[in-house]
Amino acid sequence: ELNAPRRCSRGVDPMDRNVHWVFLGSPGVGKGTYASRLSALLGVPHIATGDLVREELSSSGPLARQLTETVNQGKLVSDEIIINLLSKRLETGEVRGESGFILDGFPRTVRQAEILDEVVDIDLVVNLKLPEEVLIEKCLGRRICSECGKNFNVASINVKGENGNPDITMAPLLPPPQCVSKLTTRADDTEAVIKERIRIYNEKTQPLEEFYRLRGRLLAFDLPGGIPDSWPKLLEALNLDENEEKQSATA
């Protein structure tokens, strides 16, 4: 739907790129995984609004109690709170001399996209897609190590493609032995909450696809499987070459 942006053609110094990117996709699609890999490859920060919210939740700030209630019910955090947290983060980045960002989890509504447009010019919106049954399995398999904070996934996914769609296979991302006994599940990763989050996502966020498509900024990307299959194809779709940077995203 969109030719890959010329700014990120092969051989261009990443410092010359204007990387103001947004990652869209249903809960559990892997936005964080791919955004953080690209952030390492391009040398720009990966800003996950979910992490900003979780940082606020773990603080004793005035928003913490209000946020806890919202998140545990699988509801969306208000625009006002998210914009507030995000603006603070972008200001901090500017002070640090950051040259761009990859946003993950925001905007979620057309209204938020309009507000964001007033703050910063978004170059590219990558819309990651997976079938709903795969999303649910993935979310139920998510685990976090309570000690090192790394994310893993115990789900082994093998979904037969229907109506001309290809099969989707994803191997589990298992933890090393030292993390096995310290794995925890996010409180909101229950089937009921996941389905509710996907329903809300479809209702509120799908109009965003149209918003960015009309502006010529949307790149729709159907994930063909797990990271080994999807990562090279995503780089190709973005017209990027993993070997052009000194810093490898697989590190």
Side-chain angles (χ1 to χ4, degrees), residues 5-9 11-25 30-68 70-71 76-128 144 148-151 205 208 211-212 215 217-219 234-235 238 240 242 244-251:
R6 285 183 193 160
R7 293 188 187 119
C8 47
S9 58
V12 176
D13 188 309
M15 298 311 288
D16 295 338
R17 292 194 179 106
N18 188 17
V19 179
H20 288 171
W21 292 359
V22 166
F23 267 63
L24 292 182
K31 294 188 294 293
T33 302
Y34 294 102
S36 61
R37 281 176 160 243
L38 282 164
S39 118
L41 186 68
L42 297 171
V44 296
H46 164 217
I47 302 175
T49 50
D51 290 344
L52 297 181
V53 168
R54 278 188 280 279
E55 279 166 28
E56 193 67 36
L57 278 171
S58 64
S59 74
S60 51
L63 288 177
R65 188 177 295 177
Q66 186 187 339
L67 281 173
T68 302
T70 306
V71 171
L76 292 181
V77 178
S78 77
D79 292 1
E80 193 185 20
I81 291 172
I82 294 281
I83 287 284
N84 182 347
L85 294 174
L86 183 59
S87 297
K88 274 200 295 191
R89 173 62 187 83
L90 291 177
E91 280 166 27
T92 309
E94 221 170 294
V95 172
R96 286 188 204 144
E98 291 172 355
S99 60
F101 56 79
I102 296 175
L103 265 188
D104 154 18
F106 187 89
R108 292 184 183 224
T109 64
V110 170
R111 178 74 196 114
Q112 288 178 352
E114 289 167 350
I115 298 169
L116 186 62
D117 260 3
E118 291 167 20
V119 179
V120 68
D121 286 329
I122 297 299
D123 309 316
L124 179 68
V125 177
V126 182
N127 188 26
L128 300 180
I144 300 165
C148 72
K150 285 191 178 157
N151 292 287
T205 314
L208 252 191
F211 177 88
Y212 284 121
R215 283 156 181 75
R217 298 187 215 158
L218 191 76
L219 174 70
L234 180 60
L235 288 179
L238 291 168
L240 289 171
E242 185 161 16
E244 79 184 55
E245 321 299 353
K246 288 175 189 159
Q247 208 172 352
S248 166
T250 53

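Everything numeric here is computed off the predicted structure, so don't read it as measured data.
For the pair T205 (side chain) and R108 (backbone), a donor-acceptor distance under 3.5 Å is present. Looking only at distances, no side-chain donor or acceptor of S87 sits under 3.5 Å from a matching main-chain atom of N84. Looking at K31, its side chain never comes within 3.5 Å of a backbone N or O of F23 through a donor-acceptor pair. Judged purely by atom type and a 3.5 angstrom limit, D123 uses its side chain to pair as donor or acceptor with the backbone of H20.
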| task | Output, in order, the C-alpha distance, side-chain angles, deciding distance and verdict of side-chain contact (heavy atoms from CB on, under 4.5 Å) for Y212 and L124. | result | CA-CA 9 Å; Y212 284 121; L124 179 68; over 6 Å; no
| Can you check side-chain contact (heavy atoms from CB on, under 4.5 Å) on L240 and L234, steps first, answer last? | CA-CA 9 Å; L240 289 171; L234 180 60; over 6 Å; no
| said: Could you go through I47 and L90, starting from their C-alpha distance and side-chain angles, then the distance that decides it, and tell me whether this counts as side-chain contact (heavy atoms from CB on, under 4.5 Å)? | reply: CA-CA 9 Å; I47 302 175; L90 291 177; 3.8 Å; yes
| request: Apply side-chain contact (heavy atoms from CB on, under 4.5 Å) to the pair L235 and L41, showing each step before the final yes or no. | output: CA-CA 10 Å; L235 288 179; L41 186 68; 3.6 Å; yes
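Note that the CD1 atom of I81 and the CD atom of Q66 stand 4.0 Å from one another [nearest 0.5 Å]. Here L128 contributes atom CG and L219 contributes atom CG; the two are 9.0 Å apart, rounded to the nearest 0.5 Å. The OG1 atom of T49 lies 13.0 Å from the CD atom of E56; values are rounded to the nearest 0.5 Å. Going from atom CG of D104 over to atom CG of L38 covers 11.0 Å, rounded to the nearest 0.5 Å. Rounded to the nearest 0.5 angstrom, L218 CG and N127 CG are separated by 5.5 Å. The structure places OH of Y34 at 12.0 Å from CG of L238, a figure rounded to the nearest 0.5 Å.
When all heavy atoms of L116 and P107 are compared, the closest pair comes out as CD2-CD, 3.7 Å. Closest of all the heavy-atom pairs between F106 and V22 is O-CG1, 3.6 Å. When all heavy atoms are compared, the tightest approach of D79 to Q112 is OD1-NE2, 2.7 Å. In this structure, S99 and V44 approach most closely via the heavy-atom pair OG-CG1, 3.9 Å. Minimum interatomic distance between A113 and L208 (heavy atoms only, all atoms of both residues): CB-CD2, 3.5 Å.
Two residues are said to be in side-chain contact when any heavy atoms from C-beta on lie closer than 4.5 Å; F101 and V120 meet this criterion. D51 is listed as a side-chain neighbour of R54, based on a closest heavy-atom distance under 4.5 Å. Taking the side chain as every heavy atom from C-beta outward, V53 and I82 approach each other to under 4.5 Å. Residues V119 and I83 form no side-chain contact, since every pair of their non-hydrogen atoms from C-beta on lies 4.5 Å or further apart.
Residue pairs satisfying the salt bridge (charged side-chain N to carboxylate O under 4.0 Å, His left out) criterion with at least one member in residues 84-97, sequence neighbours excluded, are listed as follows: R89-E98, R96-E98.
Partners of F211 by ring-ring contact (aromatic ring centres under 6.0 Å, His included), not counting sequence neighbours: none found.
Other residues, nucleotides and ligands place no more than 12 heavy atoms under 6.0 Å from the CZ atom of R65.
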